[in-house]
Amino acid sequence: MILVKNLKRYYGTGETAVKALKGVSFEIKKGEFVAIMGASGSGKTTLLRILALLDDATEGEYTIRGLEVSSLPEAERSYYRLTQVGYVFQDYALINEMSAAENVYILSMMEGKSRKESYEIALEALDKVGLKEKHNRIPDELSGGEKQRVAIARAIAKKPDILFADEPCANLDTNNSKQVLDVFKELNEKYGQTIVMVTHELWHTEYVDRVITFEDGNLVSDEKKRNR
Amino acid sequence: MINDIRVGALIAYFSVKRGNKKTLMFIVFVLSLIFMNLVFLPSMIGGMTVLFTGMMQDYPYGDIVIEPSGDNTYINNADSVLQKVRAVEGVRAATKRLDAGASIEHKQKVVGATITGLLPTEEYDVSQYPYIISEGDFLGELSRDEIIIGAMIAGTGFGSEIYDNLGEVRPGSLVDVTYSNGVKRTYKVKGIMEGSFELVDLNALVNYKEIEDVYGLEESKATSVVVRVDKQGSEDQVKDKIREAGVNEQIFTWADKSETLIKQAMQSMGAIDTMSKFVSLIVGAALVLIIIYINVLNRKKEIGILKAVGITPRSIVLSYAFLSTFYVSLGIFAGLILYFSLMFYFQVNPVVFYETMEIRPQIDYMLLIESIVTMLTLSVIAGILPAWSVSKESILKAIWSR
Ligand SMILES: Nc1ncnc2c1ncn2[C@@H]1O[C@H](COP(=O)(O)OP(=O)(O)OP(=O)(O)O)[C@@H](O)[C@H]1O
Ligand SMILES: [Mg+2]
C-alpha cells in the first residue's frame with residue numbers, strides 16, 4: 001500500500017545541512033500495524049511527516065496505492081490529508097476553542113457532509129476511543145490521555161487509508177498508554193486499519209505486527225513480530 | 001467553495017464562542033474608538049457649519065436674498081419686488097435693506113464698517129437684529145440721526161480686543177459717520193448689538209430712510225431684499241416661485257450663499273476636516289490590521305494544525321475574514337452607541353464659543369454610512385491579508401516553529 005524508495009530529507013542546504021533521512025526504502029502492506037523505533041534524532045518524525053504529506057522529501061519516491069503523492073499539487077495534497085490520511089500528533093494538536101466533538105466533526109463538514117451527519121460520525125469515532133460521554137468538553141477539560149484519544153478519534157473518523165501516530169503515548173502514563181494502544185489494536189484487528197506508529201517504548205511493540213528501526217537517518221532493521 | 005464558507009464560518013464561530021472574552025472586549029473597545037475618531041470631529045465641524053449658516057440666515061441673508069442683477073448697485077423699485085415676493089405662497093416675511101460703506105469716528109478713533117439701512121419695524125419678522133441689543137434700544141420706525149453699533153466696534157463686546165474699535169461707546173454717545181460718497185452725519189448711539197459674530201458685531205444699523213437720504217436715492221432702491229419662508233427646507237421651491245412671479249434680480253437661498261461664503265470662511269476648517277478624516281482612516285486601517293495580525297500570529301499553530309488535518313487554506317482565510325468582520329461590526333456597534341451618547345450629551349450641553357455661540361454637533365448620516373462601509377471593507381482586508389500570508393507558510397513552520 002505504501003511504497004518508499006530511497007527517501008531523503010535534508011534540513012537546510014550545503015555544508016550545514018542536517019541529513020535527517022539518508023535514503024530509506026520500505027513497503028507497508030494494507031492492514032499492517034507497524035512500529036517505528038530509534039534513538040532521538042534518528043529521523044522518525046521526519047519520516048512520518050513526509051508520509052502524512054505534512055512535509056516534502058528532498059529526494060526519493062513515495063507512492064500510496066501506486067499514486068505518486070509527493071508530486072501532487074497542494075490543493076490535492078490538502079484533500080488527501082483530509083480524506084485518506086489520519087495523523088495523531090505527539091502533542092495532541094487539538095483546537096482549544098472546539099469541543100471534542102467539534103474537533104472531530106469539522107473535518108466531515110470540510111468534506112461536505114451535513115452538520116447532522118458530521119456530528120454522528122464524530123460521536124461514532126469518539127465512541128470507538130471511549131469518549132462519547134465527554135464529547136462536549138473542550139481540550140482544557142480533558143486529561144492528557146483523553147486529549148490523545150480525541151486526537152485519535154479525529155484521525156480515524158474519516159476512516160483513513162492509513163493512520164499515522166507520532167509517539168501517541170509520549171505524554172501519557174502507563175494506564176493511559178495502554179488505553180490508547182488498545183484502541184489502536186482494536187482498530188487494527190476489527191477494522192483492518194493500517195497503522196504506522198512511532199514509539200520509544202519497547203513494551204509497545206507487543207501490540208504491533210512489525211518493527212522498523214532507524215539509526216541516524218538510516219533504516220537499520222525491519223523485524224516481523226507476527227504474520228497477518 | 002460552499003464548504004469553505006461553511007467551515008470558515010464555523011471556525012470563526014467557535015473561536016468567538018470559546019475565545020477569550022476579555023481580549024474580544026478590548027479589541028471591540030479599540031475598534032469603537034477608531035470608529036468614533038472617524039465620525040466625531042466631522043460632526044463637530046458640521047455643528048459649527050450649522051451655527052454659521054444659522055447666523056447668515058438670522059442676519060445678512062435671511063432664507064432667501066434678492067440682490068441686484070448684473071453690475072447694478074441697487075435693485076430698482078424694491079417696493080414692487082417686495083410686493084411680488086410677499087404675494088408668493090410660502091413666504092413668511094420680507095424686507096428691503098440698503099448697505100453702505102462708511103467710517104465711524106468717536107473721540108479721534110476711526111473704524112470702517114458696513115452700515116445697513118433697514119426698516120426697523122419689518123426687521124422683527126425677518127432678522128434677529130432687534131433681539132440682540134445688549135445695551136440701549138433698537139431703532140424705531142421714525143428713528144433719524146440714531147445708530148445701532150456692533151459690540152466689536154463699539155469696544156464693549158467680546159472680541160473687541162482683536163479689532164479696531166471706538167473705545168467705550170455707550171448708548172447716548174455721539175459718533176460721526178462719513179459715508180462712501182463723502183456725506184457726513186452725526187448720530188446718537190441708540191443701542192449696542194451683540195451677536196457674537198463678526199458679520200454682525202462689526203457692523204452698524206441705521207434707518208433705511210437715512211441711507212436713502214444720504215445717497216439721494218429715489219423710487220425705493222435697495223441693495224438687498226431679504227425673505228423668510230414659512231417652512232425650513234422649502235427655500236428652493238420658494239426661490240423658483242419668486243422667479244416665476246417676475247422678479248428679475250439675482251435670487252439666492254441661504255444655502256447658495258453659504259456655499260461660497262462657507263467655502264471661504266471654513267476653508268481652513270474644511271482642510272482640517274479632510275485631513276483628520278484621512279489620518280483617522282490611515283490610523284484606523286493600521287490599527288485594525290495590527291489587531292487582526294496579532295490575533296492571527298497568536299493562532300499560527302492553530303492554523304498549521306487545521307491545515308495539517310486537511311482544512312483548506314481558503315476556509316482558514318475566510319474564517320479570519322469572518323472573524324475580523326465580526327470584531328469590526330461589534331466595534332462599529334459599540335462606536336455608534338458611544339457616538340450617539342456623546343451627540344446626545346452635546347445636544348443638551350453644547351460646546352460654547354465666545355460665551356454665547358453654542359455649537360451642537362451635527363449627525364451626518366452619509367458620513368456614518370461611509371465610515372461603516374470603510375471600516376467593514378478594511379476589516380475584510382485586515383482579516384484576509386495576515387491569515388493568507390500565514391496560511392501560505394508550510395505546515396511544519398506554522399506548527400513547530402516559534
Ligand atoms: N525543522 C527542522 N530543521 C532542522 N533540523 C531538523 C528539523 N526537524 C528535525 N531536524 C533534525 O533532523 C533530525 C531528525 O529529527 P526527527 O525529529 O525526525 O527525529 P526523531 O527521530 O523524531 O527524534 P525524537 O525521538 O526525539 O522525536 C534531528 O537531527 C533534528 O535535529
Ligand atoms: Mg520525533
Side-chain angles (χ1 to χ4, degrees), chain A residues 9 11 20 45-46 48-50 52-56 74-99 101-115 118 136-141 151 153-155 157-158 160 164 166, chain B residues 1-24 27 295-296 298-320 322-323 326-327 387-402:
Chain A
R9 175 63 163 106
Y11 293 106
T45 297
T46 302
L48 217 63
R49 286 178 189 163
I50 293 172
L53 299 183
L54 300 179
D55 189 16
D56 296 310
E74 176 53 30
E76 277 174 54
R77 287 160 64 89
S78 176
Y79 188 70
Y80 209 87
R81 282 198 294 273
L82 178 66
T83 56
Q84 313 281 317
V85 178
Y87 194 94
V88 180
F89 297 82
Q90 184 174 332
D91 56 353
Y92 328 127
L94 297 173
I95 306 293
N96 287 322
E97 288 145 357
M98 300 183 191
S99 71
E102 287 157 0
N103 260 288
V104 180
Y105 96 69
I106 190 94
L107 297 185
S108 309
M109 294 280 293
M110 190 77 247
E111 281 185 63
K113 298 197 170 79
S114 76
R115 206 164 162 155
S118 300
N136 251 335
R137 302 233 190 137
I138 57 168
D140 281 350
E141 300 165 347
R154 176 175 67 186
K158 64 185 92 160
F164 296 103
D166 189 1
Chain B
M1 191 65 198
I2 294 281
N3 284 337
D4 293 334
I5 294 170
R6 235 165 40 126
V7 171
L10 209 58
I11 295 172
Y13 166 72
F14 289 142
S15 85
V16 168
K17 186 175 158 198
R18 303 234 175 69
N20 189 329
K21 298 293 184 296
K22 272 188 199 144
T23 315
L24 174 71
I27 291 175
N295 198 9
V296 168
N298 273 335
R299 294 159 185 270
K300 207 167 148 178
K301 179 165 183 184
E302 198 163 285
I303 291 176
I305 292 169
L306 287 170
K307 259 180 81 176
V309 297
I311 304 293
T312 59
R314 202 189 277 159
S315 327
I316 297 168
V317 170
L318 274 173
S319 79
Y320 281 93
F322 289 140
L323 210 58
F326 176 75
Y327 290 154
W388 183 76
S389 81
V390 170
S391 82
K392 278 275 164 287
E393 266 184 18
S394 79
I395 293 171
L396 276 198
K397 257 183 146 171
I399 302 187
W400 288 289
S401 76
R402 297 242 77 228

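Reminder, nothing fancy here: chain letters follow the sequence lines and each chain counts from 1.
Here the closest non-hydrogen pair linking A:Glu97 and B:Ser15 is OE1-CB, 3.1 Å. Taking each heavy atom of B:Asn3 and A:Met109 in turn, the nearest pair found is OD1-O, 3.9 Å. In terms of heavy atoms, A:Leu54 sits closest to B:Leu396 at O-CG, 4.1 Å. Summarising the geometry of A:Arg81 relative to B:Lys307, their closest heavy-atom pair is NE-O, 3.1 Å, with the distance given to 0.1 Å.
With a threshold of 4.5 angstrom between heavy atoms, B:Ile2 does not approach chain A through any atom at all. Using a 4.5 Å cut-off between heavy atoms, A:Phe89 touches chain B through its side chain atoms alone. Neither the backbone nor the side chain of A:Asp56 comes within contact range of chain B; no heavy atoms are under 4.5 Å apart. Only the side chain of A:Tyr105 comes within less than 4.5 Å of a heavy atom in chain B; its backbone stays farther off. For a residue to count as touching a neighbouring chain, one of its non-hydrogen atoms must lie under 4.5 Å from one of that chain's; by this rule B:Ser315 touches chain A with the side chain only. Both the backbone and the side chain of B:Ile311 come within contact range of chain A, each with at least one heavy atom under 4.5 Å from a heavy atom of that chain. Using a 4.5 Å cut-off between heavy atoms, B:Arg299 touches chain A through its side chain atoms alone. Of the two parts of A:Thr83, neither the backbone nor the side chain holds a non-hydrogen atom closer than 4.5 Å to a non-hydrogen atom of chain B.
Here the CZ-CD1 distance, from B:Arg6 to A:Ile106, works out to 9.5 Å after rounding to the nearest 0.5 Å. Considering CZ of B:Phe14 and CE of A:Met98, their distance stands at 6.0 Å, rounded to 0.5 Å.
Per-residue heavy-atom pair counts under 4.5 Å with chain B were compared for A:Asn96, A:Asp91, A:Leu107, A:Leu53, and the maximum is reached by A:Leu107. Heavy-atom pairs under 4.5 Å with chain B peak, among A:Glu111, A:Lys158, A:Arg77, A:Arg154, at A:Arg154.
In this structure the side chain of B:Ile395 never reaches within 4.5 angstrom of the side chain of A:Asp55, judged on heavy atoms.
Contact check on A:Glu102 versus B:Arg18 returns a salt bridge, with a Lys/Arg side-chain nitrogen under 4.0 Å from an Asp/Glu carboxylate oxygen.
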